[in-house]
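The structure under discussion appears below in the form of C-alpha cells.
In this chain, residues are counted from 1 in sequence order.
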Amino acid sequence: MAHPTVLRKLVARYEELSAAASASAPDPALTRQREDTAYTLCVSTGTRDVRDALRVARRVLEAGGGRTTAPSLTTAAR
C-alpha cells in the first residue's frame with residue numbers, strides 16, 4: 001500500500017484530470033494522463049478498478065487521521 005501522502009496526491013490528480021476532461025472537448029493527452037493516473041492508483045491500492053482504488057485510498061486516508069480532501073496539484077507540488 002502506498003504512503004498516505006502518495007495516495008492523497010494521486011486522488012487529487014485523478015479528480016482534477018476527471019474534472020478537466022468533463023469540462024472540455026475530448027483531449028487525447030488528457031485522457032491518457034487520467035488513464036495513467038487511474039492505473040497508478042489501482043497498482044498503489046492493489047485493486048483493478050479505479051472506483052475501487054478511490055474507495056480504498058479514501059478509506060486509508062480517513063483511517064490515518066489525515067485530511068480526507070486531497071490538496072490541489074499546485075498545493076501538492078509545493
Seminar exercise, completed: Rounding to 0.5 Å, atoms CG (Leu54) and CG (Leu10) come to a distance of 9.5 Å
For this session: Could you list the residues that satisfy side chain to side chain donor-acceptor pair (under 3.5 Å) with Thr47, not counting sequence neighbours?
Result: Thr45
For this session: Hey, could you give me the CZ/CZ distance between Arg55 and Arg51, rounded to the nearest 0.5 Å?
Result: 7.5 Å
For this session: Just jot down the salt bridge (charged side-chain N to carboxylate O under 4.0 Å, His left out) partners of Asp27, sequence neighbours excluded, or say none.
Result: none
Exercise. side-chain contact (heavy atoms from CB on, under 4.5 Å) with Ala20: which residues, sequence neighbours excluded?
Worked result: Leu30
For this session: Please answer: with hydrophobic residues joined when any side-chain heavy atoms are less than 4.5 Å apart, are Val43 and Val50 in the same cluster?
Result: no
For this session: State which residue, out of Arg58, Arg8, Arg34, fulfils the salt bridge (Lys or Arg N to Asp or Glu O under 4.0 Å) condition with Glu15.
Result: Arg58
For this session: Measure the spacing between CD of Glu16 and OG1 of Thr37 and express it to the nearest 0.5 Å.
Result: 10.5 Å
For this session: Would you give the length of the straight line joining atom OG of Ser18 to atom CZ of Arg13, rounded to the nearest 0.5 angstrom?
Result: 10.5 Å
Exercise. Taking all non-hydrogen atoms of both residues, which atom of Val11 and which atom of Ala57 are closest, and how far apart?
Worked result: CG2-CB, 3.7 Å
Problem set entry | Under-4.0 Å salt bridge between Arg32 and Asp36 | yes
Problem set entry | Atom pair CD/OH of Gln33 and Tyr14 - distance to nearest 0.5 Å | 13.0 Å
Seminar exercise, completed: Rounded to the nearest 0.5 Å, the CG atom of Leu7 sits from the OG1 atom of Thr40 at a distance of 11.5 Å
